[in-house]
2 protein chains.
Amino acid sequence: MNVSPKKIGNLRPEEFSINHQKLIDATIETIAKRGLADTTIAQVSKKAMVSQGYANFRFKSKENLLLSSLKFLSDEYKNSWQKIFEDSRLDPVGRVIKIIENDFSSKIANRNKIAVWVSFYSEVKFRPSYLTICQKQDEIYSSQMEKLITEINNITNQNFLSPKEISETYHSMVDGLWQRILFDPKNYSHEFCKALIKKYFKNIYTDEKRFV
Amino acid sequence: MNVSPKKIGNLRPEEFSINHQKLIDATIETIAKRGLADTTIAQVSKKAMVSQGYANFRFKSKENLLLSSLKFLSDEYKNSWQKIFEDSRLDPVGRVIKIIENDFSSKIANRNKIAVWVSFYSEVKFRPSYLTICQKQDEIYSSQMEKLITEINNITNQNFLSPKEISETYHSMVDGLWQRILFDPKNYSHEFCKALIKKYFKNIYTDEKRFV
DNA sequence: ACTGATATTGAATGATTATTCAATACAAAA
DNA sequence: TTTTGTATTGAATAATCATTCAATATCAGT
């Protein structure tokens with residue numbers, strides 16, 4: 001057998017995770033390029049430059065590799081909005097603006113990553129796992145957002161729309177716009193999406209000048 | 001060979017289309033239940049109660065069967081909103097209300113059909129043919145909607161939000177809410193979704209009492 | 001009843017792909 | 001140097017599926 005393994009040798013946890021992360025990155029890229037259905041271990045491991053057998057050995061199964069990739073994205077997303085909620089220098093309106101900008105930043109709302117999200121949304125098979133991995137964080141995000149809107153409502157005396165209504169509207173718009181970024185990136189630029197959402201807020205909080 | 005074919009015999013176009021439609025219905029059900037990736041000709045034809053070979057013979061290929069199913073949904077959707085735009089008894093606001101009710105009717109926004117839409121959305125990037133089927137109708141729907149909003153803006157003197165902004169916000173909310181119906185049907189009932197969107201319009205058109 | 005045309009079957013084929021595993025390489029310890 | 005444990009390979013296996021096609025059924029017209 002013509003075996004020429006990687007020259008990394010006896011790995012410690014840290015180096016070990018290089019291959020781990022390389023495989024996850026390759027998985028995300030492959031899902032984005034070919035779709036969840038046409039993502040094969042062969043393609044992923046080729047892109048990650050490890051052998052096919054290794055990918056399976058590391059992640060135990062293809063399913064587990066896919067779910068690990070979802071988990072990676074979910075954590076990355078959580079970290080990005082958590083930072084904003086924890087940033088004590090921001091006032092409520094400043095926080096909302098940062099949230100909007102984060103949800104349409106090129107790190108978060110790029111087509112590769114959206115493609116992965118939507119792939120998991122759409123595959124019934126993964127729905128239970130999706131809920132396990134993401135539901136908790138989704139709930140925290142929503143409830144933090146609602147609290148934030150409550151503060152702004154109190155400051156501004158806007159009370160026709162409840163915090164829950166505004167928050168639900170926001171989240172559904174984000175989901176809808178992410179989907180549109182996928183198949184019509186020309187018309188749905190990050191700038192367009194951010195402007196649309198800010199206009200929504202500007203209309204609600206007419207006295208607040210920062211929703212440019 | 002133990003052959004026991006259907007007793008329908010020498011079919012005329014009308015009867016012929018029974019099997020055709022049975023296969024399409026079975027495809028939609030199967031996609032909703034098992035996902036696009038795990039939808040096999042074997043399962044679909046079993047559910048439609050025809051042989052595996054027949055499904056392929058009728059539709060030439062699996063891909064074509066999938067496309068036909070998408071086309072069916074797309075046409076059904078178009079017919080439902082087209083009727084509303086053509087109904088001369090409705091005034092602009094009445095029309096918008098009907099549009100909202102249609103978008104969250106149990107015929108249109110049921111979980112089977114949403115599952116199919118989302119499945120195709122997620123693959124649109126790799127299969128331009130999916131886009132071809134829906135894009136044209138989406139554009140017509142959007143432009144009709146924009147015209148409608150223009151009329152209402154004129155009647156009401158609401159001019160802070162442009163027709164395009166309102167229309168885009170509406171469509172992205174619908175997409176987002178459909179997605180949520182899939183995952184969390186308990187919290188995202190048709191009534192909840194309709195109420196949320198009507199509240200959005202009520203907030204814009206404060207004098208209009210019909211957005212209950 | 002026979003013939004031709006169309007409808008329908010179901011088993012066989014071939015391609016794709018996840019998963020397994022015995023073989024090999026490497027690094028550090030002894 | 002030898003040993004030992006871990007990392008990694010790549011070929012073999014087995015399962016799943018779309019697609020094909022020869023065989024069979026049914027019916028309309030003669």
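Bear in mind that the values here come from a model prediction, so they are computed numbers and not experimental data. In the text below, chain A, chain B and the rest are named by the order of the sequence lines, each starting its count at 1.
Applying the side chain to side chain donor-acceptor pair (under 3.5 Å) criterion to A:E191, with sequence neighbours excluded, gives A:K194.
One interatomic measurement links the two molecules: CZ of B:R58 to C1' of C:dT6, which rounds to 9 Å at whole-angstrom precision. Between the P atom of D:dT20 and the OH atom of B:Y54 lies a distance of 17 Å, rounded to the nearest Å. Distance, B:F59 CZ to D:dT20 P: 16 Å, rounded to whole Å. To the nearest angstrom, C1' of C:dT8 lies 19 Å from NZ of B:K46.
For D:dA7, neither phosphate oxygen OP1 nor OP2 lies less than 4.0 angstrom from any side-chain nitrogen or oxygen of A:N19.
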B/S/- along nucleotides 12-17 of chain D (protein heavy atoms under 4.0 Å) is -----S

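Here the side chain of A:N56 is nearest to one of D:dT9, C:dT20, C:dT8, namely C:dT20. If you check C:dG10, D:dT8, D:dT19 against the side chain of A:F57, the one that comes closest is D:dT8.
Salt bridge present: A:D91 and A:R210 bring a charged side-chain N and a carboxylate O closer than 4.0 Å. Salt bridge annotation for B:K198-B:E101: present, with a cationic side-chain nitrogen under 4.0 angstrom from a carboxylate oxygen. Using a cut-off of 4.0 Å between Lys/Arg side-chain N and Asp/Glu carboxylate O, B:R95 and B:D87 are scored as not salt-bridged.
B:D25 and B:Q21 are linked by a side-chain donor-acceptor pair at a separation below 3.5 angstrom, with hydrogens and angles left out of the test. When only modelled atom types and interatomic distance are considered, B:N102 and B:Y77 share no side-chain donor-acceptor pair under 3.5 Å.
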